Structures are given as C-alpha cells and as structure tokens.
J.: 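Provided herewith is a single structure, encoded as structure tokens, for subsequent inquiry.
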2 protein chains.
Amino acid sequence: MGPTIKDVAKEAGVSITTVSRVLNQYSDVNPKTRTKVLKVVEQLGYQPNSVARSLVMKRTQTVGLVVSDLSRSRNGHHFMFDVLCGINDRVQELGYDLVLFSTSTTAQKKTPYMDFVRQRRVDGVLMMGIRLDDPYTHEVVEASVPSVLIDVPLVSDTCSYVTTDNVAGATMAIQHLVELGHRRIGFVNGHAQAAVSKERLQGYRMALEEAGIAYDPELVYYGNFEQQDGATGVAELMEKFEDLSAVFFASDLMALGGIKYLQSLQLRVPERMSIVGYDDIELAAMMQPMLTTVRQTRYEMGQSAAETLIRMLEQNEKGRGIVLPPELVVRETTSKHGVNLSHI
Amino acid sequence: MGPTIKDVAKEAGVSITTVSRVLNQYSDVNPKTRTKVLKVVEQLGYQPNSVARSLVMKRTQTVGLVVSDLSRSRNGHHFMFDVLCGINDRVQELGYDLVLFSTSTTAQKKTPYMDFVRQRRVDGVLMMGIRLDDPYTHEVVEASVPSVLIDVPLVSDTCSYVTTDNVAGATMAIQHLVELGHRRIGFVNGHAQAAVSKERLQGYRMALEEAGIAYDPELVYYGNFEQQDGATGVAELMEKFEDLSAVFFASDLMALGGIKYLQSLQLRVPERMSIVGYDDIELAAMMQPMLTTVRQTRYEMGQSAAETLIRMLEQNEKGRGIVLPPELVVRETTSKHGVNLSHI
DNA sequence: CTGTTAGCGCCTTCAG
DNA sequence: CTGAAGGCGCTAACAG
C-alpha cells in the first residue's frame with residue numbers, strides 16, 4: 001500500500017506527532033517544519049488512512065442512505081433518483097461519504113436497525129421510501145445515531161425530517177379544480193401507510209370542505225403510487241360516481257395510468273375529465289396532453305436532508321422538521337367544468 | 001458506544017483472542033466455549049467494529065461507485081438508476097458496502113483518481129458515465145485497485161468492463177429498417193467521446209454496407225443523448241436529405257425529441273418517418289406511438305459489474321470484458337417504407 | 001484448545 | 001515548538 005505517516009515522519013526527520021500536527025492544521029508548528037513536512041507529503045504522495053483515523057476519532061465521516069426497496073420501487077424511481085442526487089452532492093460538498101443501503105435484500109430486512117448502523121459505523125443516517133408501519137421507523141426515531149427521514153414527519157432529539165407540505169400541495173390542487181367549477185372530485189391516493197398519503201388526504205378534505213363540498217370517503221381510492229393503480233382507481237371511481245368530472249392523483253405515474261385508461265375509452269382529457277397529478281416528474285411535461293401537477297423540489301429535498309443531518313452531527317443540533325413548499329404547475333389536463341362537452 | 005470485544009471476553013471469562021476466533025468461524029474452539037461466547041455476544045448485543053477490523057485486515061469490504069456527473073446527467077437518469085439498482089443489490093448480497101461518488105462536484109474533478117481511492121480505502125471501484133477522454137479513464141485502467149467500467153471497453157490486469165453489444169444493437173436496428181424497405185437511414189448518435197457511440201456507429205455502418213447501401217457520414221449527426229439533440233438532429237438530417245425515411249437514435253430520449261419535432265411539423269410517425277431508439281427506457285412504451293427500440297438490460301449490467309468486481313477482489317481474477325446481448329423491441333414507430341403515404 | 005504478544009495507522013495527552 | 005508513550009478495537013502468529 002501507499003506510504004504511512006511513519007514514512008513521512010522518517011523522510012522529513014521529525015516524529016509522527018509532528019506530521020500529524022501539520023496535517024491537522026495545528027498552529028503550534030514551526031513554519032519551517034511545516035513546509036518541510038508538507039513537501040515530503042507531496043513528494044511521497046501520502047494520503048492519510050481514513051480507516052485508522054476513524055478508529056481513533058470514532059467518526060467515519062460517512063453517512064448512510066437507507067432506501068426501502070430501492071430496486072423494486074419502479075414507482076419511486078423518478079422521485080428517488082433526484083433526491084439521491086441532491087443528497088449525494090451536498091454530502092460530498094460537506095466532506096462526507098455516502099453509503100447506500102437498500103433494505104429490500106431479504107436477509108437485511110430483519111436485522112435490527114441499530115445493529116446495522118453500529119456495524120457499518122456510519123455517523124448518521126438518511127432514510128427514504130420508508131413506511132409508517134415499517135419496523136425500522138420506530139427504531140430510527142429512538143436511536144442515538146442522528147437521522148433524517150424523508151417524507152416521514154417524525155421528530156425526536158436525534159431524528160429530523162424533511163418533506164414538502166403535502167397538505168398544502170393537495171389543497172392547491174383541489175382549489176384549482178374547484179375554481180374551475182368542479183364539484184365531484186375524486187382522489188386516487190397512495191397507500192395508507194405512507195405519511196404523505198395521510199397528509200394529502202387531509203389537504204384534499206380541507207380544501208373540499210372549505211369550498212362547501214362535503215367530504216365523501218367513497219371518492220377516495222388507495223393505490224400504490226404505480227401507473228396501474230391510476231387506471232384501476234379512475235375506473236372504480238367512475239363507476240361509483242357518474243358525475244365525476246375531475247380526479248386528483250397522489251403521483252404523476254398514477255395520473256398517467258388514469259389518463260391512458262380514459263383515453264382508451266375515448267374519453268377526452270381535460271374536456272371530459274380534469275386531472276391533476278403529484279410530483280412533476282420529467283414525464284409530466286412530455287405527456288400528451290401535458291400534465292397539470294403539484295411539483296416537489298426533489299433535488300432540494302435531498303440537499304436539505306443532507307445538510308440537516310450534518311448539522312446535527314457537527315453542531316449537535318436537535319431533531320426538527322423541515323417543510324418545503326410545493327408548487328402547482330398548471331398545464332393542459334385541467335379545464336373548466338362543463339365546457340366543450342358538446343364537442344365530444 | 002456499544003460493547004467491544006474486550007467486554008465480551010471479560011463477560012465470558014475468556015481472552016479476546018478466543019472471542020475473535022469464534023466470531024471468525026475458526027474451527028479450533030471448544031464447543032462449550034463457543035456457545036458461551038456466543039451467548040454473551042447475544043446478550044450484550046455486541047457488533048464487531050468494522051473499522052477496527054478493516055484497519056488490521058487492510059480490506060474495507062467496501063466498493064466505490066463513481067459516476068461522472070450524477071446530478072447533471074438529466075439524460076443518463078433512466079439508464080443510470082437501473083444500473084445503480086443492479087449494482088447495489090448484488091454488492092449487498094455479496095457482503096460489501098457501496099459508497100457513492102460523483103465527480104461532478106467541482107473540487108473533486110481534478111483530484112487524481114488514486115488519491116481518492118486510497119483516501120477512501122475502497123477495495124474496488126465501479127465506474128459509469130465516464131467518457132473516453134476523461135482524465136480518470138486512463139488512471140483507472142492503470143491503477144492497482146481493481147475496477148470495472150460500465151460501457152467503456154478497456155481491459156487491463158486490474159480493470160474489467162461490462163457493456164452490451166452496441167455493434168450488434170445498432171446492426172439489429174438498421175437491419176430491421178432495411179427489411180422494411182428503407183434505404184436512406186439517418187443516425188442521430190451520442191457524442192463522439194462515448195465508447196458506445198463509436199460502437200453504434202460501427203454497427204450502423206456495417207449493417208448498411210451489408211445491405212449494399214453506401215455509408216455516408218453526412219447522414220450521421222452527433223448529439224449528447226438528450227431530448228433536444230434529437231430534434232436538432234432530425235431537423236438537420238431532413239434538410240440535407242429529402243428522401244430520408246428513417247432515423248436511428250442512440251438514445252430513447254433523443255428519439256422522443258425527434259418524434260416530437262416531427263409531430264410538430266404534422267409529419268406522422270411511422271408513416272412519414274420510421275424511428276428506432278436505443279435503451280428501452282420506461283418511457284418508450286408509454287409514448288404515443290410506442291417506440292421501437294434496442295433494449296439494454298440495465299439492471300443486469302449493474303449486477304454483472306458488481307459480480308465481476310468482487311470476483312476480481314476475492315478470486316484474484318484478472319480483468320476481462322463482459323458483453324451482454326441487446327434485444328430489438330419492435331413497437332409502433334417503424335413501418336414499411338412508402339406505405340400509407342397517401343393518407344397524409 | 002487457549003492466552004500472550006504484537007501490531008494495523010493514526011490522534012492525543014503529557015513531558016520536555 | 002516537538003517527541004515519547006498510550007490506546008482506538010481487532011486479528012494473527014506463537015507459545016503453551
């Protein structure tokens with residue numbers, strides 16, 4: 001392997017203590033000695049061994065990103081990749097390494113969270129794609145190792161979260177629909193064990209009631225964020241409600257599925273049915289017609305999560321919640337209720 | 001922190017050596033002692049410190065995945081995520097950790113590759129998204145640390161690669177088009193510094209010549225795999241060749257851009273212009289019309305890369321090339337030349 | 001079968 | 001300002 005601190009010390013004619021001092025920016029080192037050491041470091045191409053350092057410092061400068069079901073999540077795909085990028089960039093900028101873990105791999109599934117953290121020796125953990133009823137969830141919040149949850153609003157002294165305001169996001173979507181004159185608005189939600197689903201449902205409900213429209217649980221369908229669920233969802237809602245004129249989907253992918261289904265029935269969007277999605281994935285602007293949706297700033301969520309975690313690590317900050325604002329992006333899948341129906 | 005091997009030893013009334021022995025599956029341990037130790041390990045919730053182990057073993061059981069420009073690659077997105085999943089799953093199954101690095105972050109860019117590997121102490125490296133003219137490329141191949149390149153066909157004793165057969169992929173695409181009667185076939189390629197671009201060009205050229213069609217460099221446009229390049233590409237090619245009836249794109253995203261451009265001109269696909277893409281991203285089957293394309297098994301590429309690297313690490317295998325077969329997926333964007341033109 | 005003894009490469013008091 | 005000494009938690013000969 002490469003040269004060690006010992007080699008540098010010998011070559012520079014000083015003790016390893018001194019080398020360590022200059023490497024760690026200690027001030028009490030004779031300028032001459034310092035430059036001497038630095039020169040040797042340079043010419044030997046010395047790289048401190050981070051493993052050895054970690055052992056004595058009891059810090060690895062590494063954070064773990066645990067994703068539930070990374071590969072199986074054909075749905076989360078678009079969402080996760082961007083968050084991952086944000087995390088990765090920020091973590092790196094702040095001088096940490098990022099280790100990836102997916103809990104999908106069968107064996108890992110039951111390993112208690114803490115065992116895994118302690119074994120891997122990460123300084124902190126970021127989690128995404130986790131469900132409220134996941135066994136990890138509780139463990140993470142209670143753990144002594146700092147963590148940041150993405151889209152799971154739970155806080156403790158050692159646990160923060162980053163999310164977008166899902167209540168507001170859903171509210172915006174519904175208000176938009178209400179303003180267009182829609183009264184019978186369906187909601188194809190995500191599965192009930194996702195925190196975001198609960199929040200979006202709340203927003204849906206609040207916006208409706210605020211508009212003087214009674215909330216009807218029958219208008220809510222629970223899917224799993226995937227395309228197919230969108231189709232099944234609208235189909236079911238349309239069967240129950242003949243006057244359904246708009247549907248709000250908890251993911252763009254489901255919205256896409258819904259639209260495809262409608263189109264297969266020769267029902268036009270938005271003339272016959274207005275559609276609002278959630279996420280604003282790349283695909284949303286590529287579809288025909290282009291999807292009206294609620295945008296989440298995924299990359300920023302990742303960045304923010306990384307920052308928050310590292311602040312907890314270095315500034316000893318306590319856990320807290322960070323809520324980013326969503327944004328309604330009006331495109332082509334929503335229109336006034338009742339208009340243009342004659343053309344069909 | 002948690003208990004150490006010392007605590008276990010004391011509690012079990014043996015030396016730490018013995019504890020170490022049972023933990024590492026040594027056979028020469030009295031069954032009674034073994035169970036005793038195991039019991040203590042259990043009740044103390046002892047987790048071996050991997051950092052300490054790494055220090056003495058000189059192996060971290062960690063591999064690095066370096067991605068050039070992870071976040072900036074709006075294009076690679078679809079491709080990379082799947083490969084990443086494959087890598088992650090396989091690496092984990094084989095008992096390693098995966099550390100993510102993106103070279104985009106400005107500062108990192110010029111750090112010599114080896115410095116970074118040595119500093120991070122990874123046992124091996126996987127690379128993707130790297131260009132032939134990237135300064136890293138050469139370093140990686142020469143490095144003593146084992147590595148596997150994805151889609152860059154370079155081999156050395158310590159460096160393998162995994163790719164799909166791009167020559168064959170392009171050949172299949174062109175043969176398909178030729179069989180449909182097309183003679184003037186354009187090619188919107190990726191940038192020239194991507195290994196895959198060179199190979200696909202070769203396949204394009206070979207298939208053409210085999211069909212008795214002269215290769216004309218003017219029919220090849222070089223883009224950057226992104227959607228916009230597709231539009232620009234077809235536009236330029238159509239201007240040069242009035243009888244252009246088919247275009248082969250080096251990425252689905254570019255194909256999409258091209259199709260959108262054609263549609264904006266009221267030119268129908270495939271009646272007026274047949275289109276073949278490359279990658280078979282999720283989007284390909286969602287488009288209208290659905291895209292005919294060359295599928296790459298991205299997840300499998302990732303798995304294979306991970307496996308190959310770890311075999312080099314553990315079995316001391318030498319570098320080698322692994323070429324996976326692509327597959328032509330015929331959908332709706334290709335049709336017989338000249339047919340249906342009357343309908344337009 | 002088991003304990004003793006050396007380190008792995010680095011940081012950190014504590015004396016000069 | 002600098003060096004000597006001890007130790008982080010674990011593995012690996014080498015003796016019993």
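All values derive from a computational prediction rather than experimental measurement.
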J.: Tell me whether the OP1 or OP2 atom of D:dT11 has a side-chain N or O from B:Lys58 closer than 4.0 Å.
T.: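 No, outside the criterion.
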
J.: Considering only heavy atoms, which members of residues 14-22 of chain B lie under 4.0 Å from some atom of DNA chain C?
T.: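 Listed by number, they are B:Val14, B:Ser15, B:Thr17, B:Thr18, B:Arg21.
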
J.: Looking at A:Asn49, I'd like to know whether one of its side-chain N or O atoms comes within less than 4.0 Å of OP1 or OP2 on C:dC8.
T.: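 Indeed not, no polar side-chain atom of A:Asn49 lies that close.
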
J.: Students often get this wrong, so: under 4.0 angstrom with heavy atoms, is A:Ser54 touching a base, only sugar-phosphate, or nothing?
T.: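 Answer is nothing: A:Ser54 stays at 4.0 Å or more from every strand.
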
J.: Judged by atom type as modelled, is there a donor-acceptor pair below 3.5 Å linking the side chain of A:Asn24 to the main-chain atoms of A:Ser20?
T.: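 At least one qualifying donor-acceptor pair exists.
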
J.: What nucleic acid atoms does A:Val56 come within less than 4.0 Å of, heavy atoms only: base, sugar-phosphate, or nothing?
T.: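 Here A:Val56 touches the bases of the nucleic acid.
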
J.: How many whole angstroms separate atom NZ of B:Lys32 from atom P of C:dT2?
T.: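 Whole-Å distance recorded here is 11 Å.
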
J.: B:Met57 has an atom CE; how far is it from atom C1' of C:dG9, in whole Å?
T.: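 So the two atoms are 17 Å apart, to the nearest Å.
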
J.: Would you mind reading off the distance between B:Leu55 atom CG and C:dC10 atom P, rounded to a whole angstrom?
T.: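 The answer, rounded to whole Å, is 9 Å.
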
J.: Looking only at heavy atoms, what is the nearest atom pair of B:Arg131 and B:Thr137, with distance?
T.: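 So the two residues come closest at O-OG1, 2.7 Å.
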
J.: If you fit an axis to the five pairs at each end of the helix from C:dC1-D:dG16 to C:dG16-D:dC1, how big is the angle between those two axes, to 10 degrees?
T.: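 It comes to 40° between the two terminal axes.
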
J.: B:Leu44 CG to D:dG9 C1': how many Å, rounded?
T.: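 Checked: the CG to C1' distance equals 15 Å.
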
J.: Under a 4.5 Å cut-off applied to non-hydrogen side-chain atoms, are A:Leu313 and A:Tyr96 in contact?
T.: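 SC-SC contact between A:Leu313 and A:Tyr96 confirmed.
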
J.: Does B:Glu93 pair with B:Arg90 as a salt bridge, N-O distance under 4.0 Å?
T.: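 The answer is yes: the pair qualifies as a salt bridge.
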
J.: With the side chain of A:Thr33 defined as its heavy atoms from C-beta on, choose the nearest nucleotide among C:dC1, D:dC1, C:dG9.
T.: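 Of C:dC1, D:dC1, C:dG9, D:dC1 is nearest to the side chain of A:Thr33.
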
J.: Answer with yes or no whether the side chains of A:Tyr299 and A:Asp89 bring together a donor and an acceptor at under 3.5 Å.
T.: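 Yes, because at least one side-chain N or O of A:Asp89 sits under 3.5 Å from a partner of the opposite role on A:Tyr299.
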
J.: Side chains of A:Tyr161 and A:Thr308: does their closest heavy-atom pair fall under 4.5 Å?
T.: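 No; the side chains remain at least 4.5 Å from each other.
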
J.: Under 4.0 Å between a side-chain N or O of B:Tyr26 and OP1 or OP2 of D:dT11?
T.: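 No, outside the criterion.
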
J.: Please report the distance, rounded to the nearest Å, between CG in B:Asn24 and P in D:dA12.
T.: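 Taking atom P of D:dA12 as the reference, CG of B:Asn24 is at 7 Å.
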
J.: Please give, in whole Å, the distance from D:dC10 C1' to A:Arg121 CZ?
T.: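 After rounding, the reported distance stands at 11 Å.
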
J.: Could you pull out all residues at least two apart from B:Thr164 that satisfy side-chain hydrogen bond (donor to acceptor under 3.5 Å, both in side chains)?
T.: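 B:Thr164: side-chain hydrogen bond (donor to acceptor under 3.5 Å, both in side chains) contacts with B:Gln296.
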
J.: Using whole Å, what does the distance between atom P of nucleotide D:dC1 and atom CD of A:Gln25 come to?
T.: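 Going from A:Gln25 (CD) to D:dC1 (P), I get 16 Å.
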
J.: Considering all heavy atoms of both residues, which atom of B:Ala305 and which atom of B:Leu126 are nearest to each other, and what is their separation?
T.: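 Looking at all heavy atoms of both residues, the shortest contact is O-CD2, 3.6 Å.
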
J.: Any ion pair linking A:Arg320 and A:Glu317 (charged N to carboxylate O, less than 4.0 Å)?
T.: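 The answer is yes: the pair qualifies as a salt bridge.
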
J.: If I take atom CD1 in residue B:Ile5 and atom P in nucleotide D:dG7, what distance separates them, rounded to the nearest angstrom?
T.: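 Taking CD1 of B:Ile5 and P of D:dG7, I get 18 Å after rounding.
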
